[in-house]
Protein chains: 2
Amino acid sequence: MPSITRRRTANVGRPTSAEAEILAATQRLLINGANFTELGVQQISTEAGVARSTFYSHFRDKIDLLMRLATELMTSSFDVTSAWDPSDGVERLADAFLQVVKVYRKHAAVRRALAEVATYDATVRDFLSAELNQFTDWTIAVLRAEQDAGRTRADLDPVSATRMIVMGGERALVDHVTAGDPGSDAAFARELALTWWYGVYRRPADYSK
Amino acid sequence: MPSITRRRTANVGRPTSAEAEILAATQRLLINGANFTELGVQQISTEAGVARSTFYSHFRDKIDLLMRLATELMTSSFDVTSAWDPSDGVERLADAFLQVVKVYRKHAAVRRALAEVATYDATVRDFLSAELNQFTDWTIAVLRAEQDAGRTRADLDPVSATRMIVMGGERALVDHVTAGDPGSDAAFARELALTWWYGVYRRPADYSK
DNA sequence: CTATGACCGGACATCACGTCCGGAAATTAC
DNA sequence: GTAATTTCCGGACGTGATGTCCGGTCATAG
């Protein structure tokens with residue numbers, strides 16, 4: 001339940017010092033390898049050099065904090081990807097993915113926290129699905145269009161293929177920026193693009209056994 | 001301290017009634033859509049028709065319970081997949097995947113719980129990675145062998161490709177059995193197999209732009 | 001009949017959450 | 001400079017879940 005007692009009326013200009021401190025402290029803790037679930041409000045407050053009660057005058061709860069963190073990285077990866085069109089070819093797709101990898105890597109800690117909390121919290125789950133659904137819908141549409149144009153096999157199942165592509169791709173991405181070497185970003189983006197391209201968009205016409 | 005003079009034959013055979021009751025109750029709750037994290041020991045005990053203290057005389061904590069549940073589904077999906085060899089072709093790969101889909105679907109609830117808890121608990125995470133690592137290691141080895149034999153492109157990056165394949169595949173699988181229609185199991189398995197096959201194993205030799 | 005082991009039903013201590021206040025300190029208004 | 005307002009501190013509460021412990025009941029194996 002949100003506290004209504006302390007209303008912040010006029011802080012129009014800058015975010016409160018304590019609030020920014022808390023956001024930063026949380027990121028620091030996450031980057032240091034802490035996992036969000038077992039991160040206590042007391043810990044965060046201490047790290048931020050702020051009283052625990054102050055935390056609650058800025059955030060309803062930990063989820064609220066996480067969502068605040070999340071909106072800060074809403075540099076939509078969707079835009080960069082959906083700008084791509086099959087007629088651009090594989091290499092351009094790899095370029096687009098490389099950009100996405102960079103974005104993910106920059107916000108890896110918060111990404112990880114989001115994926116973590118999404119498994120048991122509806123709010124965060126909905127936030128993430130909304131983000132992924134953009135990709136899903138777009139991908140299905142593109143695949144259907146390619147099928148209609150006869151450039152993608154007609155017997156391909158757009159829904160299953162998209163599930164593999166979007167869900168699987170996102171997971172591989174998170175795994176890559178979590179465990180993979182930054183030096184291999186380009187190689188990874190390229191593999192991702194090639195797998196999509198030849199596995200889905202331009203799967204060969206003859207299934208010779 | 002168990003008595004040595006006394007034979008405990010009656011207990012040796014079947015698990016204690018209460019223990020089995022708890023395991024079953026937990027599965028029931030999970031299948032009904034509850035998520036493991038916000039499932040209380042009291043809830044589980046009540047559902048099992050057992051005292052809360054009895055829970056603790058059988059399980060150290062909730063994680064212990066989950067791990068017990070997990071080992072029951074250790075019908076290794078690895079065996080069925082690793083039996084496949086690239087020389088068997090795509091269709092056989094699709095068959096193997098279909099079996100895996102069925103296994104996942106059967107234990108979907110526990111699977112979901114495992115994926116959920118793995119994000120914040122080290123024990124469960126290690127359990128799952130150990131399972132996935134089998135696939136990862138095996139897949140990398142197979143890819144390298146195929147490259148050496150000249151049947152898979154030499155410029156393919158086995159590590160990145162495997163990340164996409166294994167991590168992505170697992171996620172797509174979980175997503176499919178969670179949200180997908182059982183009737184589309186075969187279609188999904190086939191898409192998965194075809195994407196792997198043409199996206200990775202038999203990616204075309206000419207990258208014409 | 002007796003001892004044993006499984007289970008019940010509470011009582012505890014502990015801990016994190018979220019709420020609420022009173023007062024200090026800093027900022028803004030007058 | 002003083003007064004009013006906002007922000008933060010520090011701590012007290014109530015709540016609800018965890019994990020531990022223990023006395024007591026009951027069925028059963030010896």
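Within every chain, numbering begins at 1; the chains are lettered A, B, ... in the order of the sequence lines, protein sequences first and strands thereafter.
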Starting at atom CZ of A/R60, determine the distance to atom P of C/dC17, rounded to an integer number of angstrom. 16 Å
Run the salt bridge (charged side-chain N to carboxylate O under 4.0 Å, His left out) check on A/E191 and B/R163 step by step: do they pass? CA-CA 10 Å; A/E191 281 304 318; B/R163 205 189 296 279; over 6 Å; no
What integer distance in Å separates A/Q42:CD from D/dC9:C1'? 12 Å
Where the side chain of A/K62 meets the backbone of A/T37, is there a donor-acceptor pair that is under 3.5 Å apart? yes
CG of B/L39 versus C1' of D/dT18: gap in Å, rounded? 14 Å
For residues 44-54 of chain A, which residues have at least one heavy atom under 4.0 Å from DNA chain D? A/G49, A/V50, A/A51, A/R52, A/S53, A/T54
Please state how far atom CG in A/D61 lies from atom P in C/dG18, giving the value in whole angstrom units. 5 Å
For atom CD of A/E19 and atom P of D/dT7, their distance in whole Å: 11 Å
Hey, is the side chain of A/H58 poking within less than 4.0 Å of OP1 or OP2 on D/dT7, counting only N and O atoms? no
Residues in side chain to side chain donor-acceptor pair (under 3.5 Å) contact with B/R111, at least two apart in sequence or another chain: B/E131
Take atom CZ of A/F55 and atom C1' of D/dC9, then tell me their distance rounded to the nearest Å. 16 Å
How are the rings of B/F188 and B/H176 set relative to one another: parallel (under 30°), tilted (30 to 60°) or perpendicular (over 60°)? parallel
Is it true that B/D64 and B/R68 have a side-chain N and a carboxylate O under 4.0 angstrom from each other? yes
Under a plain distance cut-off of 3.5 Å, with no hydrogens placed, do B/Y104 and B/E170 share a side-chain donor-acceptor pair? yes
Looking at the side chain of A/Y56, which of C/dG18, D/dC8, D/dG19 is the nearest nucleotide? C/dG18
Calculate the interatomic distance between A/F59 atom CZ and D/dC8 atom P; express it in whole Å. 11 Å
